[in-house]
Amino acid sequence: MASIYERHVDFPTFMEGVKKRNAGQTEFIQAVQEVAQDIFDFIEDKEEYHEAQILRRIAEPDRVVSFRVCWEDDNHNVRVQRGWRVQNNNAIGPYKGGIRFHPSVNESVLKFLAFEQTFKNSLTGLPMGGGKGGSNFNPKGKSDSEVMRFCQSFMTELYRHIGPDTDVPAGDIGVGGREIGYMFGQYKRITNRWEGVLTGKGIEYGGSQMRPEATGYGAVYFLQNMLEHKGDSVDGKTAVISGSGNVATHAAEKITQLGGKVLTLSDSGGFIHDPDGIDQEKIDWIKHLKNVKRGRISEYCDHYTGSTFHEGKRPWSVDCDLALPCATQNELNEDEAKELVSNGVKAVSEGANMPTTLEGVHVFHDAKVMYAPGKAANAGGVAVSGLEMSQNAERISWNHERLGDMLTELMQGIHEKCVEYGDQGDGHVDYVKGANIAGFKKVADAMLAFGVV
Ligand code: NDP
Ligand code: 2IT
C-alpha cells in the first residue's frame, strides 16, 4: 500500500511544523528559518535528503537536559536557578559548544545556539557536533565566592551529561576564564579524572594558546578575507563594534593591528564613541575594566576625555566602513541595518551569534553588502577549542605562533567554503547561503550514512 506520509514538504509547510512544535520559542524558530530557506533551495532536486527527513532531524535536538541549580549567596540565602544542556547533533563529532550565564537564558535561546553551533562546527572542518548550555544565573554584581559556588553546583549536575568524547562545553556570554576554572575544578573533584572535558581552560591547566583571542581575531580574519576577495583591505577603514567582552575586545585589537580605526564599543548600558580611535592601550584598559574591575563601559569616558557615552543606545548610527556586532542576538534590527547601508557600510562581520534580525539580514542582502553570518565569522573560537581538544588528547601543547597560523588557515578555509556555495556569479557572494549549505552538507551526509537513527 502506498504511504500517505508526505516526504517532500515545501518550505512554508516545513516552517509551519517547526512553529507548531516549538510554540513561543522565537529565537529557535528564527534560527531554523534563516537556515531552512537556503537548504530547501539546495535539496530541491536531492530526493535522498527529503526521504531521510534530514532537515527535520537536525532541527530537533537529540536531547534537552534541564535541571535545578541550587546555591547559597553571601548572605546565606538559598537561591534557585535553572540550568540546561542542549545536545543538538553529534553526527560528525562529540557535542561541542559554549555555556552562557545570563538572565535572558531560556530553552529557546539555547536551542537556537545549539542549532547554529551544529552548522558552525561543521564549517570548521574539525570533528565536532553541536551543543550549547547555560543558566539564567546573572553573574553581574556577584562576588567571586558566589560565582564559585554557583559554578560548582551547576557542574554537580552537568558532569553526568558531558565527557571528552561525549560533549565538551566552553565559555560564552558570562562564562570566561574564571567560570571555566571553577567548573573544571569541580568536574575533576567529582570524577577524579583530569581530561579535556571543557575548553577555554587556563594555560596552566591544559588551555590552548590563542583561545582567548580566537573568536574576535577570527571574525576580523573573515572580514579581511571578504575584503581581499574584492581587492580591498581593513587598512585605513573605520569600524563600529558592539559589546566589550571577550569577542568585542579581541575584534577591536585585530582591527587596530591591521591598520583600521575602532570608533565604538558597548555594553548593556549603552555605547562609547571615541572619534580618535580605540587603540591598543585603550583596549587593554577596557580589558582590565571588564575582566578585573568588572566595571561598566561608561567609565571609559571619565578616563578618556574626547569620547562620549550614549546611554541605552546601540552604536549602529555611527558612520563607518565596517560593522562588527559582538554582543548578543537580535542587537541589530532592520532600521539599524538601513542606517548602516545609507552611511555606506562596506562589510559586516558577526562576532556574536545571530546578532542581526531576519529583516536586517534582508537589508544587507538586498544592498549587496558583504555580510558574514555568525556561524561563519565567529567560528574561530570553537575551531581553536577543537585544537585545544586535540592538544589535551595528545597531552601536548602547541605554541602561540603555530596556533595563530592554524587559526588564520581555518578562517580562510571557511571563507573558501562560503564562496564555493554562495557565489552569485555576478561578483557578489551570498555568505549566508554559502555557510548554510556548506555547514549542512557535511552533517547531512554523515546522517545519511547512519541510516534511520
Ligand atoms: P562576554 O560575556 O565576554 O561579553 C558580552 C558582551 O555583550 C558584554 O559587553 C555585554 O554587556 C554585552 N551584552 C550581553 N548581553 C547583552 C544584551 N542583552 N544587550 C546588550 N549588550 C549585551 O561574551 P562574549 O564576548 O564571549 O560573547 C559575545 C557574543 O559572541 C555572544 O553572542 C556569543 O554567543 C558570541 N560568541 C562567543 C564566542 C566565544 O568564544 N566567547 C565564540 C563565538 C561566538 P554587559 O556586560 O553589560 O552584559
Ligand atoms: O558560540 C560559540 O561558538 C562559542 N561560544 C564557543 C564554543 C566553544 O566550544 O568554544
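We count ligands from 1, going down the list as the structure has it; atoms in each ligand are counted the same way.
- Residue contacts with ligand 2: Arg211 is included, with a non-hydrogen atom under 4.0 Å away.
- Using 4.0 Å as the threshold, Gly200 has no heavy atom nearer than that to any atom of ligand 2.
- With salt bridges taken as basic N to acidic carboxylate O contacts below 4.0 Å, none links Lys433 and Asp38.
- Nearest non-hydrogen protein atom to atom 9 (O) of ligand 2 is Lys96 NZ, 2.6 Å.
- Remark: side-chain polar atoms of Arg149 are not paired, donor with acceptor, to backbone N or O of Trp71 under 3.5 angstrom.
- Applying the side chain to side chain donor-acceptor pair (under 3.5 Å) criterion to Arg193, with sequence neighbours excluded, gives Glu195.
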Distance-only donor-acceptor pairs under 3.5 Å for side chains of residues 373-381, two or more places apart:
unit_1 : atom_1 : unit_2 : atom_2 : d
Lys375 : NZ     : Glu116 : OE2    : 3.4
Lys375 : NZ     : Asn436 : OD1    : 2.9
Asn378 : OD1    : Lys120 : NZ     : 2.8
Asn378 : ND2    : Gly351 : O      : 3.0
Asn378 : ND2    : Ala352 : O      : 3.0
Asn378 : ND2    : Asn353 : OD1    : 3.2
Asn378 : ND2    : Gly374 : O      : 3.3

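- Of all the atoms in ligand 2, the ones that sit under 4.0 Å from a non-hydrogen atom of Ala170 are 8 (C), 9 (O), 10 (O).
- Near ligand 1, residues Arg100, His102, Lys120, Lys140, Asp172, Ile173, Gly174, Arg211, Thr215, Gly243, Ser244, Gly245, Asn246, Val247, Ser266, Asp267, Ser268, Arg296, Cys326, Ala327, Thr328, Gly351, Ala352, Asn353, Asn378 come within 4.0 angstrom through at least one heavy atom.
- Here the heavy atom of the protein found nearest to atom 7 (C) of ligand 2 is Gly98 N, 3.6 Å.
- Not one N or O of Pro169 is nearer than 3.5 Å to an N or O of ligand 2, by distance alone.
- Contact atoms of ligand 2 toward Gly171: 4 (C), 5 (N), 6 (C) (distance under 4.0 Å to a heavy atom of the residue).
- The environment of NZ in Lys287 is crowded: more than 12 heavy-atom neighbours from other residues, nucleotides or ligands sit within 6.0 Å.
- Close contacts between ligand 2 and Lys120 involve ligand atoms 1 (O), 2 (C), 3 (O) [criterion: under 4.0 Å to a heavy atom].
- Residue-ligand proximity: Lys132 is placed with a non-hydrogen atom under 4.0 Å from ligand 2.
- No side-chain donor-acceptor contact under 3.5 Å links Asn90 to the backbone of Tyr95.
- Checked against side-chain contact (heavy atoms from CB on, under 4.5 Å), Glu336 has the following partners two or more places apart in sequence or in another chain: Arg314, Trp316, Leu332, Asn333.
- Defined by atom type and a distance below 3.5 Å, a donor-acceptor pair is missing between the side-chain atoms of Asp276 and Tyr304.
- Looking only at distances, no side-chain donor or acceptor of His415 sits under 3.5 Å from a matching main-chain atom of Met411.
- Judged purely by atom type and a 3.5 angstrom limit, Lys188 has no side-chain atom pairing as donor or acceptor with the backbone of Trp194.
- For atom 10 (O) of ligand 2, the candidate residues are Gly380, Gly374, Ser385, Gly218; the nearest heavy-atom contact is made by Ser385.
- At a heavy-atom distance under 4.0 Å, only side-chain atoms of Asn353, from C-beta outward, approach ligand 2.
- For Glu299 (side chain) and Arg296 (main-chain N/O), a donor-acceptor pair under 3.5 Å exists by modelled atom type.
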